[in-house]
Amino acid sequence: MNVKVKRLRPNAALPVYGSANAAGADLTACLEENLIIRPGETALVPTGLALAIPEGTAGFVYARSGLALRQDLAPANKVGVIDADYRGEVMVAVHNHGRETRVIEPGERIAQLVIAPVIRAGFDEGELDDTARGAGGFGSTGTK
């Protein structure tokens, strides 16, 4: 599958897979200068790209594990969703979960993009069937 990409700024970098079997393609910060994110703050980071996600799929924006682990920076909404009909700039809301001020540099890899199939469901109101679990939620199935 190919995804059409439009550069909105000359310094925008196309998504790139970091290894032969990587599930996500790296998205980079399209910035003119360093972006400072203080502890507890969220910043909207532009990628300089617009995408034409194929119909029947969506783009899912996930954290880069190294950035989250070493810099405490990860998408604020945990997983961003890019719908197939969205044609605006892909932006990543990056949150600083740590106690130190962090800096995102121009061209830095800030998130990863996974393209995956989407199933659109119909929703029918009615009675639900019984299950062994029932309404048991949060921790109801045990810890091990």
Side-chain angles (χ1 to χ4, degrees), residues 1-31 35-100 102-144:
M1 162 191 321
N2 289 325
V3 175
K4 288 186 181 180
V5 181
K6 180 179 181 180
R7 288 182 209 250
L8 303 175
R9 287 188 278 288
N11 59 335
L14 295 180
V16 175
Y17 291 98
S19 68
N21 291 308
D26 291 329
L27 295 172
T28 62
C30 186
L31 300 167
L35 175 64
I36 296 170
I37 308 177
R38 291 176 179 76
E41 288 186 346
T42 300
L44 205 52
V45 183
T47 65
L49 302 174
L51 306 173
I53 304 291
E55 190 174 322
T57 68
F60 297 93
V61 179
Y62 294 99
R64 292 194 69 250
S65 57
L67 194 62
L69 177 66
R70 296 187 217 4
Q71 299 291 320
D72 298 312
L73 297 174
N77 53 344
K78 307 304 179 210
V79 177
V81 178
I82 306 168
D83 297 315
D85 59 353
Y86 177 68
R87 294 296 183 270
E89 181 173 8
V90 174
M91 306 283 280
V92 181
V94 176
H95 183 76
N96 182 347
H97 295 275
R99 295 182 179 151
E100 296 180 30
R102 299 297 185 188
V103 176
I104 294 179
E105 299 176 0
E108 185 171 352
R109 297 176 296 167
I110 55 168
Q112 56 183 324
L113 172 68
V114 175
I115 307 295
V118 172
I119 298 172
R120 288 185 49 99
F123 298 94
D124 299 322
E125 186 175 358
E127 293 300 316
L128 306 181
D129 58 323
D130 291 328
T131 66
R133 181 176 180 177
F138 301 103
S140 67
T141 61
T143 58
K144 293 185 180 186

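Below, each value reflects all heavy atoms present in this structure, side chains not excepted, and no hydrogens, waters or symmetry copies.
- Here the shortest heavy-atom pairing between A13 and L49 reads O-CD1, 3.2 Å.
- Looking only at distances, no side-chain donor or acceptor of R9 sits under 3.5 Å from a matching main-chain atom of A12.
- F60 has its side chain within reach of V81: a pair of non-hydrogen atoms, C-beta onward, lies under 4.5 Å apart.
- Minimum heavy-atom separation, I104 to A29: CG2-CB, 3.7 Å.
- Scanning both residues, P46 and L31, for their nearest heavy atoms gives CD-CD2, 3.8 Å.
- Two residues are said to be in side-chain contact when any heavy atoms from C-beta on lie closer than 4.5 Å; R7 and L14 meet this criterion.
- The nearest pair of heavy atoms linking P39 to N96 is N-ND2, 3.5 Å.
- Remark: R64 does not engage E108 in a salt bridge, criterion side-chain N to carboxylate O under 4.0 Å.
- Using a 4.5 Å heavy-atom cutoff, the side chains of P15 and V3 are not in contact.
- Closest non-hydrogen pair, N11 versus C30, comes out as OD1-SG, 3.2 Å.
- For the atom pair L27 CG and I82 CD1, the distance stands at 7.0 Å (nearest 0.5 Å).
- Counting only distance, with no hydrogens or angles, the side chain of H95 and the backbone of E41 share a donor-acceptor pair below 3.5 Å.
- Judged by distance alone, with hydrogens and angles left aside, the side-chain atoms of Q112 form no donor-acceptor pair with the main-chain N or O of V61 at under 3.5 Å.
- To the nearest 0.5 Å, the span separating CG on L51 from CZ on R87 amounts to 8.5 Å.
- Two residues are said to be in side-chain contact when any heavy atoms from C-beta on lie closer than 4.5 Å; L67 and V94 fail this criterion.
- Contact between E89 and T47 at its shortest, heavy atoms only, is OE2-N, 3.5 Å.
- In this structure a side-chain-to-backbone donor-acceptor pair under 3.5 Å is present from R102 to Q71.
- Between the side chain of T57 and the backbone N or O of I115 there is no donor-acceptor pair closer than 3.5 Å.
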